[in-house]
Amino acid sequence: LATRTYLLGSVFCLLKEQRLIAASHLSTQHLLADLQIRLEATFSLSPEQRTNIRIVASDLIFDANRITFMSLHFDVAKCLHEDREAFKLTNIYGNPARERYLIAFIKRQCSSIRNSFRELIRDSVIGDDTSTLSDFIYDGSTRFRRAGGNSDLGHATHARLAILVWCSFTLLPPMCLIVLHITASLCIRTS
């Protein structure tokens with residue numbers, strides 16, 4: 001009888017300890033949930049994520065088939081979403097607040113890259129640092145392509161960049177888009 005009483009007391013003691021542990025575990029879960037909510041307000045992209053976004057946007061703006069530049073951020077967001085594991089963005093997708101922050105950052109980066117590209121085109125034609133088309137293509141590919149500098153990028157890229165330089169100083173932008181679209185379709189057919 002004494003052993004059974006001792007065993008019963010031990011079981012009740014273990015049950016009491018288990019309830020205390022469960023209660024502390026529940027309070028720890030609430031604390032972690034509260035911390036997660038507070039961290040959402042202070043979320044920021046890592047330097048590697050920022051660099052990856054800038055690299056993708058730069059690479060896409062230098063694409064030979066690109067004729068519209070104001071919608072670059074849509075293409076960058078699509079590319080990043082499709083390959084989010086490689087670009088280390090898995091902690092963002094699935095959380096609407098973080099996705100909104102990412103889209104805002106992508107828009108700012110794309111605007112900055114568009115301005116840099118426009119300035120490169122302008123500086124290649126006007127000012128002290130004017131350059132030939134081949135030098136311009138090499139400089140542009142060095143600054144904007146993921147693969148790095150190369151002046152032999154094919155006829156489509158040469159034609160596109162020559163038309164961009166020409167259009168930026170001679171035609172109105174809508175007419176420039178029409179010329180780019182026709183030339184791109186002709187270069188694709190001949191390639």
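Computed from a prediction, not measured in an experiment: that's the story for all the values here.
Contact check for Asn52 versus Leu89: no side-chain heavy atoms found under the 4.5 Å cut-off. The closest side-chain heavy-atom distance from Ile103 to His73 is not below 4.5 Å. The closest side-chain heavy-atom distance from Leu15 to Gln18 is below 4.5 Å. In this structure, the side chains of Met70 and Arg114 come closer than 4.5 Å at one or more pairs of heavy atoms.
For the atom pair Phe62 CZ and Thr142 OG1, the distance stands at 8.5 Å (nearest 0.5 Å). Here Ile55 contributes atom CD1 and Gln109 contributes atom CD; the two are 11.0 Å apart, rounded to the nearest 0.5 Å. The distance from the CZ atom of Phe105 to the CZ atom of Arg98 is 15.5 Å, given to the nearest 0.5 Å. Note that the CD1 atom of Ile61 and the CG atom of Asp75 stand 11.0 Å from one another [nearest 0.5 Å]. Taking CZ of Arg4 as the start and CG of Leu7 as the end, the distance is 9.0 Å to the nearest 0.5 Å. Here CZ of Arg50 is found 10.5 Å from CG of Leu102. Values are rounded to the nearest 0.5 Å.
Ser111 places no side-chain N or O within donor-acceptor distance of the main-chain N or O of Lys107, the cut-off being under 3.5 Å. Remark: the backbone N or O of Arg108 is not paired with any side-chain donor or acceptor of Ser112 at under 3.5 angstrom.
Each side-chain hydrogen bond (donor to acceptor under 3.5 Å, both in side chains) pair with one or both residues in residues 84-93, not counting sequence neighbours, appears once here: Gln49-Asn91, His81-Arg84.
Residues Pro96 and Gly94 come closest through the heavy atom pair CD-O, 3.7 Å. A pairwise comparison of heavy atoms in Ser71 and Thr68 identifies OG-OG1, 3.3 Å as the closest pair. Taking all atoms of both residues into account, the shortest heavy-atom contact from Gly140 to Leu120 is CA-CD2, 3.5 Å. Smallest separation of non-hydrogen atoms from Leu60 and Cys79: CD1-CB, 4.4 Å.
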_Stepwise side-chain contact (heavy atoms from CB on, under 4.5 Å) test for Leu45 and Ile92_ = CA-CA 9 Å; Leu45 295 168; Ile92 294 173; 3.2 Å; yes
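With hydrophobic clusters built from ILVMFWY side chains whose heavy atoms lie under 4.5 angstrom apart, Phe74 does not share a cluster with Ile106.
Remark: Phe144 pairs with Phe117 by the ring pair (Phe, Tyr, Trp, His ring centres under 6.0 Å) rule, at least two apart or across chains.
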